[in-house]
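Structure first, commentary second.
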Amino acid sequence: MLIFPFLLIGFIKEDHEDCAVYLEFIFDYNMDYTDLFGSEVEMVDVYVFDKDGYFLFERHADCAGDLIDNKRLYLRDGFTPGTYKLITVGGLTNHFRFTDLNDQPFRPGVTTIQEVKLSLYHEASDVSHEFPHL
């Protein structure tokens with residue numbers, strides 16, 4: 001599992017009332033030492049926890065359609081100034097799922113970052129598909 005490094009970039013727009021916060025994804029830890037995020041990752045999932053490690057919300061984005069320049073995720077609803085912990089995974093598909101340790105969906109304000117579990121989801125005992133970049 002690759003957990004992508006992230007960079008929070010805040011922009012102040014003089015002609016807009018709202019200030020924006022973005023996550024910019026860079027995948028340059030590779031053999032080419034160049035940013036391959038846009039060409040290698042089709043989907044990105046972001047799980048946001050507060051400073052104490054309690055789950056707040058998640059964002060799922062198709063890199064080609066939902067990200068600015070195929071690498072920048074605009075965080076708006078539910079995101080206020082503060083300190084956050086993030087889990088970011090590129091390439092998560094329907095073959096994987098995040099749950100708490102009891103295989104339950106994350107519950108805002110209840111699930112902690114220490115309870116996060118990533119599992120392979122399959123209905124049969126054999127896995128017969130190719131895994132995407134993760």
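Side chains are part of it too, since the values below use all heavy atoms of this structure and drop only hydrogens, waters and symmetry mates.
Looking only at side-chain heavy atoms (C-beta outward), L101 and E115 come within less than 4.5 Å of each other. For the pair V41/C63, a side-chain contact is recorded, criterion being any heavy-atom separation below 4.5 Å from C-beta on. Counting heavy atoms from C-beta outward, L23 and Y74 have side chains that stay 4.5 Å or more apart. D45 has its side chain out of reach of I87: every pair of non-hydrogen atoms, C-beta onward, lies at least 4.5 Å apart. With contacts defined as side-chain heavy-atom distances shorter than 4.5 Å, the pair F27/T34 does not qualify. Counting heavy atoms from C-beta outward, F25 and V44 have side chains that approach closer than 4.5 Å.
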Checklist line | V46 vs L73, side-chain contact (heavy atoms from CB on, under 4.5 Å): CA-CA, chis, key distance, verdict | finding: CA-CA 9 Å; V46 178; L73 177 62; 3.9 Å; yes
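H60 and Y47 have perpendicular rings, their planes meeting at more than 60° on a 0 to 90° scale where under 30° would count as parallel. Ring geometry, F55 versus F106: the interplanar angle exceeds 60°, so the pair is classed perpendicular (tilted spans 30 to 60°).
Electrostatic pairing of D66 and R59 does not count as a salt bridge here, judged by no charged N lying under 4.0 Å from a carboxylate O. Classification of D52 and K85 as a salt-bridged pair fails, no side-chain N sitting under 4.0 Å from a carboxylate O.
How far CE of M43 is from CG of L67: 11.0 Å, rounded to the nearest 0.5 Å. Atoms OH and CD, on Y54 and Q114 in that order, are 8.5 Å from each other to the nearest 0.5 Å. The CZ atom of F37 sits 9.5 Å away from atom NZ of K71, with the distance rounded to the nearest 0.5 Å. Here the straight-line distance linking atom CG of D100 with atom CD1 of I113 works out to 13.5 Å at 0.5 Å rounding. Here the CZ atom belonging to F98 is positioned 13.5 Å from the CG atom belonging to D103, to the nearest 0.5 angstrom.
A donor-acceptor distance shorter than 3.5 angstrom exists from the side chain of D62 to the backbone of A64, with no hydrogens or angles considered.
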